[in-house]
Amino acid sequence: MPGCEVDGMEQPRPLDALNRARDKRVMVELKNGRQLSGVLKAFDIHINVVLDDAEETENGQLKRKLGNVFIRGDTIIMINPS
Amino acid sequence: MPGCEVDGMEQPRPLDALNRARDKRVMVELKNGRQLSGVLKAFDIHINVVLDDAEETENGQLKRKLGNVFIRGDTIIMINPS
Amino acid sequence: MPGCEVDGMEQPRPLDALNRARDKRVMVELKNGRQLSGVLKAFDIHINVVLDDAEETENGQLKRKLGNVFIRGDTIIMINPS
Amino acid sequence: MPGCEVDGMEQPRPLDALNRARDKRVMVELKNGRQLSGVLKAFDIHINVVLDDAEETENGQLKRKLGNVFIRGDTIIMINPS
Amino acid sequence: MPGCEVDGMEQPRPLDALNRARDKRVMVELKNGRQLSGVLKAFDIHINVVLDDAEETENGQLKRKLGNVFIRGDTIIMINPS
Amino acid sequence: MPGCEVDGMEQPRPLDALNRARDKRVMVELKNGRQLSGVLKAFDIHINVVLDDAEETENGQLKRKLGNVFIRGDTIIMINPS
Amino acid sequence: MPGCEVDGMEQPRPLDALNRARDKRVMVELKNGRQLSGVLKAFDIHINVVLDDAEETENGQLKRKLGNVFIRGDTIIMINPS
C-alpha cells in the first residue's frame, strides 16, 4: 500500500500506520468511552477493525476478555499501537 | 471472499472474520447499550446483520427471546463470536 | 434476490430475511425507543420501510393505531418478524 | 414508478407509498419529537418533503400554522398518510 | 429545474419549492432549536443555504442581526417561506 | 465558479458566497456552541474550512488566539462574513 | 497537491494547510472535548490523521503520553498547527 504522490514525492497515508500495526497489540478507544486492547488482525477503509485476544479495560484494569471481536469503524475514536 | 493484495501478499479483511462466524453464535452490542446473542445467518458491507434464535441479554441474564431478527448495521458497536 | 457468491457458494444476505417477512407482521424498534408493529409491505436498501395496519406499542400495550406508515430507515434499530 | 423485480415478480417499494399519498394530508414526525401535518406536495429519495397547508401539532392540538414548508429528510422519523 | 417523470407525468420535487422561494424571505429552523429569517439567495442539493439580511429570532423576537450568512445543510430541520 | 443553469438563467450557489468571503474576516459557529472568527483562506465542498489569524470568542469576548486553524466541515453550523 | 482553478486562478484548498503542517506539531481537538498534540505524520480526505509523539492534554496540562496514534476523521473538530 504505497503512499499518494504529491509533487513527485510519496506521502505517508493514515492507513499505512494501521498496516504497520497489523499483528501487533493496539488500544482502541470507542466513542462510548470504552477501551479495547487486542492484536490487530484486519482493518478496512471504513476503519472496521478485527482484534484477536481482545480485552475490555477500564482505567487500565481488565474488565472482561472478549477474544476475537469485530468493531464497526464508526464507533472508533482512535487506535493506538503500543 | 479473498483478502486484498498488499505488496503481493494477501491481507485479511474485517468481513472475513464475520464470514468465519457465519452459522455460529455471536454476541452483538448495540450503540444503545443493549446486547443481543444469536446465530449469525447473514451480513453485508453496511454490517446489517441477521441473527437466528436471537435473545436480548442484560448483564448476562436473558431479558427476552427474539427469534429471527434483522439489525441495522449503523446501530452496531461490535460483533463478538463466542 | 439471490445471495452473493463466496467461493462458489451462495451466501444469504440480510435483505433476504426482510424479503421473507414481506406481507407478514413484524415488530420495528426505533432509535428513540418506540416500537411499531405492522404488516411489512415494502423496504429498500436504506431499510426505509412501509407497514400496513401499523400500531405503536409500549411495553407490549397498544398505544395508538397508525394504519399505513412510511418509516425512514436511519431511525430503525431492528426488525423482528413474529 | 414501478417496483423492482424479484424472481420475475414486481415488489412494492417504500417510495410508492409516498407517491400514493401525494396531494393527500399526511402526518410527519420529526426526530426532535415534533409533529407536522400537511398536504404532501413533493418528496425525493432523501425523503426531503414539501408540505402545503402545514400545521405543527402537539398531542393532537394545533400549535401553529406554517403554510408551505420544506422539511429536510434526515430529520424525519415517519410519514403517516391519514 | 423540471420535475421527474412518473408514468409520463411530471411530479414536483422538493427543491422546486426552494427555487420558488428564491429572493423571498424564509424562516430556517436549525437542529439546535434556533430560528433564522432572511432572504433566500442560494441553496444546493445538500440544502446548504445562503440568506441575505438574516436575523436570528427567539420566540418571534429579534435576537441579533447576521446580515449575509452561509448555513450548512445538515443543521437544518425545515425552511418555511413566509 | 459560475452558478448552475436553471431555465437558461444562472442561479447563485451557496459556495459562491463563501468564495466572495475569501481573504475576509468571517465568524464560524460550531455545533458544540463555540464561535471562531478569522480570515477565510480556503474551503471545499465538505465545508472544511481554513482560517488565518483565528480567535475563539465567547459572547463576543476573546477567549483564546488560535492563529492558523483547519476546521472539519461537519462540525460547522454557519459561516457569517462580517 | 495544487489548488483548484477558479476563473483561471488557483485557489488554496483546506488540505493544503494540513500538507504544510506535515511533520510539524499540531493540536487536534476532538468532538468529545479532548485535546491531542503531536507531530502530524499523515492525513487523508476523510481527515483521518496519524500523530507521532502524541500527548493528551487537559487545560494545557499533560494528561498521558500516547506515542503513535491513528485518529478517525469524523471525531475531529479542528486541527491547529502551532
Side-chain angles (χ1 to χ4, degrees), chain A residues 1-51 54 57-61 70-82, chain G residues 1-4 10 12-24 26-58 62-79 81:
Chain A
M1 231 172 358
C4 58
E5 260 190 73
V6 176
D7 300 330
M9 290 177 8
E10 273 199 0
Q11 297 291 349
R13 298 177 306 178
L15 295 196
D16 296 341
L18 295 187
N19 210 34
R20 281 191 302 273
R22 214 187 271 268
D23 292 318
K24 303 208 177 84
R25 200 146 192 100
V26 299
M27 175 69 74
V28 178
E29 294 204 20
L30 304 187
K31 289 185 182 162
N32 65 2
R34 288 155 66 183
Q35 295 190 322
L36 302 175
S37 83
V39 178
L40 181 64
K41 297 309 287 183
F43 63 89
D44 61 21
I45 56 165
H46 308 291
I47 322 301
N48 294 323
V49 154
V50 172
L51 301 181
T57 57
E58 215 171 54
N59 303 318
Q61 302 293 315
F70 172 98
I71 307 171
R72 203 174 187 268
D74 75 327
T75 67
I76 292 177
I77 295 178
M78 69 176 92
I79 300 173
N80 187 17
S82 51
Chain G
M1 233 175 351
C4 59
E10 273 200 359
R13 298 177 305 177
L15 294 197
D16 295 342
L18 294 187
N19 210 34
R20 281 192 302 274
R22 215 187 271 268
D23 293 318
K24 303 209 177 82
V26 299
M27 175 69 74
V28 178
E29 294 204 19
L30 304 187
K31 289 185 181 162
N32 65 1
R34 288 156 65 183
Q35 295 190 321
L36 302 175
S37 83
V39 178
L40 181 65
K41 296 309 288 182
F43 63 88
D44 61 21
I45 55 165
H46 307 291
I47 321 302
N48 294 322
V49 155
V50 172
L51 300 182
D52 250 4
D53 193 21
E55 299 177 345
E56 187 175 343
T57 58
E58 214 171 54
L62 174 64
K63 197 171 149 195
R64 58 174 176 155
K65 285 179 179 293
L66 290 161
N68 182 256
V69 66
F70 171 97
I71 307 170
R72 202 173 188 268
D74 75 327
T75 66
I76 292 177
I77 294 179
M78 69 176 92
I79 301 173

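Residue numbers start from 1 in every chain, and the chains themselves are labelled A, B, ... in the order their sequence lines are given, proteins ahead of strands.
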From G:Arg20 CZ over to G:Arg22 CZ, what is the distance, rounded to the nearest 0.5 angstrom?
-> 12.5 Å
Which members of residues 34-41 of chain G, sorted by number, sit under 4.5 angstrom from chain A on a heavy-atom basis?
-> G:Arg34, G:Leu36, G:Lys41
Taking only residues two or more places apart in sequence or in another chain, which ones pass side-chain hydrogen bond (donor to acceptor under 3.5 Å, both in side chains) with G:Lys65?
-> G:Glu55
Take atom CG in G:Leu62; do more than 12 heavy atoms of anything else shown fall under 6.0 Å from it?
-> yes
What heavy-atom pair brings A:Val50 and A:Phe70 nearest, and what distance separates the two atoms?
-> CG2-CD1, 4.0 Å
Please list, chain by chain and in numerical order, all residues satisfying side-chain contact (heavy atoms from CB on, under 4.5 Å) with A:Asp74, sequence neighbours excluded.
-> A:Arg72, B:Lys31, G:Arg72
Identify which part of A:Leu18 has an atom lying under 4.5 Å from any heavy atom of chain G, answering side chain, backbone, both or neither.
-> side chain
Of the backbone (N, CA, C, O) and the side chain (C-beta and beyond), which part of G:Leu30 lies under 4.5 Å from a heavy atom of chain A, both, or neither?
-> side chain
Partner set under side-chain hydrogen bond (donor to acceptor under 3.5 Å, both in side chains) for A:Asn32, not counting sequence neighbours = none
Sub-3.5 Å donor-acceptor pair from the side chain of A:Asn80 to the main-chain atoms of G:Val69, do we have one?
-> no
